[in-house]
Amino acid sequence: MTEISPPLVGSPLGTAPELATRYLGLRLRNPLVASPSPLTSTVDGVRALADAGVGAVVLPSLYEEEVREQQLRTLALTEPFETAHGEADGYLPRQLTGPDAATRYLRLVERAVAAVDVPVMASLNGSTLGGWTAFARQIQDAGAAALELNVYLVPGDPHTGAREVEDRHVEILYAVKDAVSLPVAVKLNPYFSSTGEMAVRLDRAGADGLVLFNRFVHPDVDPERLVVGPAPSLSSPTEARLPRAWIAVLWSHLSCSLAATTGVDGPGDVEAYLLAGADVVMTASALLRHGVGHLGVLLDELADWLRRKGYDSVDDARARLAVPHHTDATAYERAGFVTALEAARHRYGGFAQA
């Protein structure tokens with residue numbers, strides 16, 4: 001891979017670098033975003049993150065299945081009484097009229113927005129076309145600053161074509177964008193046959209941002225218990241290499257925002273993502289490992305790094321190591337592979353022949 005050495009820019013020693021950034025058209029006080037986790041699932045958690053200095057918060061996803069359950073429940077409660085007296089709903093059993101998951105989610109959005117002065121973004125998770133996408137409007141009305149659309153689609157049928165999967169993503173985006181006026185980011189997985197083309201299609205279809213990448217929580221085989229079960233784990237910094245490579249490639253080809261997620265643990269992970277071209281850097285694993293106070297460490301180290309490198313702001317540092325626009329990105333990535341392979345041979349010996 002061709003080595004890119006960006007020139008240092010002048011920044012007087014002692015001057016505090018500007019950490020503010022823009023994402024999805026929103027101004028954030030810094031590029032650190034708390035991605036969905038147990039920490040963002042309560043108002044107290046959101047408030048603690050804001051107090052610790054986070055730039056924005058993304059709430060956990062509301063799932064397509066939960067929205068449909070609400071819709072079916074409402075239908076079951078109201079359809080038999082369409083021609084009944086207007087007070088008939090007062091006779092419905094209390095357990096049938098309590099708040100469902102979708103209603104509780106809207107309350108979380110409303111209360112979190114009211115509790116903090118940083119953008120609170122909601123998240124919808126689904127994989128099919130249907131009326132669930134219209135629920136995005138209710139999320140907007142609840143006060144969310146933006147919506148992260150998590151299309152969690154793993155085609156288990158081996159006869160499902162790649163284009164069908166790609167088209168589904170675009171169609172869901174169109175449906176959600178038709179329902180709301182707030183910014184919409186799409187959280188992508190890295191398993192498309194052509195990730196770059198998929199990113200360009202979503203950008204042209206109106207995505208305000210792309211989040212790279214969704215980290216699937218795969219089940220695994222337990223050879224002792226002879227079962228297949230959940231195997232959740234936190235991300236590690238080595239997992240950041242793939243999204244970082246794609247952010248560096250896509251930065252000059254898209255008009256939408258780029259958010260980095262996966263593999264963020266220490267300050268160097270944040271800095272590397274910014275150099276690749278990320279507008280914001282999202283993290284959940286680091287905050288779960290080290291606690292909410294780790295945000296202060298990341299922010300202090302980011303400011304110190306910007307100062308040491310002579311950058312006046314996050315904007316000055318961003319995309320310094322992105323793939324140049326007129327570069328043949330395919331040849332660039334191939335050269336990077338060959339360079340990495342040679343480095344492995346020098347370090348580990350002649351086994352690295354793949």
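Values reported hereafter were calculated over all heavy atoms of this structure, with side chains retained and with hydrogens, waters and symmetry mates removed. Positions are given from 1, in the same order as the sequence printed here. The model shown is predicted, which means the values in this text are computed figures rather than measured ones.
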Pairwise distance CG(L19) to CG(N30) - rounded to 0.5 angstrom | 6.0 Å

Quick one: ring pair (Phe, Tyr, Trp, His ring centres under 6.0 Å) pairs with a partner in residues 180-199, sequence neighbours left out?
-> H169-F192, Y191-F216

Modelled atom types, side-chain donor and acceptor of R318 and T21, under 3.5 Å = yes

Going by the side chain to side chain donor-acceptor pair (under 3.5 Å) test, name the single residue among S35, S233, S285 that passes it with R215.
-> S233

With side chains defined as the heavy atoms from C-beta onward, is the minimum distance between M121 and L24 less than 4.5 Å?
-> yes

Report yes if the side chains of K187 and V151 come closer than 4.5 Å at any heavy-atom pair, otherwise no.
-> no

Nearest-0.5 Å distance, CG of residue L306 to CD of residue E301 | 11.0 Å

Near R163 CZ, under 6.0 Å, is it more than 12 heavy atoms from other residues, nucleotides or ligands?
-> yes

When rounded to the nearest 0.5 Å, the distance separating CG of D141 from CD of E110 is 9.5 Å

Euclidean distance, L212 CG relative to L242 CG, rounded to 0.5 Å | 8.5 Å

Test item: P60 and S41 side chains (from C-beta on) under 4.5 Å apart, heavy atoms | yes

Mind listing the side-chain donor-acceptor pairs of residues 265-274 below 3.5 Å, one per line with the distance, residues two or more places apart or on another chain?
| unit_1 | atom_1 | unit_2 | atom_2 | d |
| --- | --- | --- | --- | --- |
| D265 | OD1 | R289 | NH1 | 3.0 |
| D265 | OD1 | H290 | NE2 | 3.1 |
| D265 | OD2 | H290 | NE2 | 3.4 |
| D269 | OD2 | D265 | N | 2.9 |
| D269 | OD2 | G266 | N | 2.8 |
| Y273 | OH | T261 | O | 3.4 |
| Y273 | OH | T262 | O | 2.8 |

Test: R308 and D304 ion pair at under 4.0 Å = yes

Which heavy-atom pair separates A16 from R307 by the least distance, and what is that distance?
-> CA-NH2, 4.0 Å

Spell out, yes or no, whether V54 and L287 are grouped together once hydrophobic residues are joined by side-chain heavy atoms under 4.5 Å, including indirect joins.
-> yes

If two hydrophobic side chains count as joined below 4.5 Å and joins carry through other members, does L26 share a cluster with V281?
-> no

To the nearest 0.5 Å, tell me how far D203 CG sits from C256 SG.
-> 4.0 Å

Does the T40 side chain pair with the main chain of V58, one donor and one acceptor, at a distance under 3.5 Å?
-> yes

If you take all heavy atoms of G55 and L28, which pair is closest and at what distance?
-> O-CG, 3.6 Å

Separation of I172 CD1 from S127 OG (nearest 0.5 Å) | 6.5 Å

Side-chain contact, heavy-atom cut-off 4.5 Å: R168 with T128?
-> yes

side-chain contact (heavy atoms from CB on, under 4.5 Å) between Y174 and E171: does it pass, once the steps are laid out?
-> CA-CA 5 Å; Y174 275 132; E171 289 165 355; 5.5 Å; no

Heavy-atom pair with the smallest gap, counting every atom of A207 and L210 = CB-CD2, 4.3 Å

Taking side chain as C-beta onward, heavy atoms only, is P36 less than 4.5 Å from L59?
-> no

Using side-chain hydrogen bond (donor to acceptor under 3.5 Å, both in side chains) as the criterion, list what pairs up with D279, not counting sequence neighbours.
-> none

Got a salt bridge between D51 and R47, using NZ or NE/NH1/NH2 to carboxylate O under 4.0 Å?
-> no

Please answer: with hydrophobic residues joined when any side-chain heavy atoms are less than 4.5 Å apart, are L39 and V113 in the same cluster?
-> yes

Would you check, one step at a time, whether the test side-chain contact (heavy atoms from CB on, under 4.5 Å) holds for N189 with F213?
-> CA-CA 5 Å; N189 72 69; F213 284 115; 5.7 Å; no

List the steps and the verdict of side-chain contact (heavy atoms from CB on, under 4.5 Å) for V186 and V211.
-> CA-CA 6 Å; V186 181; V211 182; over 6 Å; no

Passes ring-ring contact (aromatic ring centres under 6.0 Å, His included), Y63 versus W132? Steps please.
-> CA-CA 9 Å; Y63 290 83; W132 68 275; over 10 Å; no

Quick one: are N150 and L124 in side-chain contact, heavy atoms under 4.5 Å?
-> no

What heavy-atom pair brings V292 and A48 nearest, and what distance separates the two atoms?
-> CG1-O, 3.6 Å

Ionic contact status for K177 with D208, cut-off 4.0 Å = yes

Full working for side-chain contact (heavy atoms from CB on, under 4.5 Å) between H294 and T283 | CA-CA 11 Å; H294 191 55; T283 183; over 6 Å; no

Linked, directly or transitively: V184 and V109 (ILVMFWY side chains, under 4.5 Å) = yes

Of all heavy-atom pairs between A20 and V314, which one has the smallest distance, and what is that distance?
-> O-CB, 4.3 Å

Identify the two heavy atoms, one from N214 and one from P190, that lie closest to each other, and give their separation to 0.1 Å.
-> O-CD, 3.9 Å

Under a 4.5 Å cut-off applied to non-hydrogen side-chain atoms, are D312 and P17 in contact?
-> no

May I ask you to decide if G263's main-chain N or O and S235's side chain share a donor-acceptor pair within less than 3.5 Å?
-> yes

Taking a hydrophobic cluster as the set of Ile, Leu, Val, Met, Phe, Trp and Tyr residues connected by side-chain heavy atoms closer than 4.5 Å, whether directly or through intermediates, do V120 and L106 fall within one such cluster?
-> yes

Could you check if a side-chain atom of E66 sits within less than 4.5 angstrom of a side-chain atom of Y105, using non-hydrogen atoms only?
-> no

Test salt bridge (Lys or Arg N to Asp or Glu O under 4.0 Å) applied to D100 and R104, step by step | CA-CA 6 Å; D100 54 21; R104 292 195 300 271; over 6 Å; no

Report the C-alpha separation of E64 and R68 in whole Å, then their side-chain angles, then the decisive distance to 0.1 Å, and conclude whether the salt bridge (Lys or Arg N to Asp or Glu O under 4.0 Å) test is met.
-> CA-CA 6 Å; E64 169 187 345; R68 286 183 169 167; 2.8 Å; yes

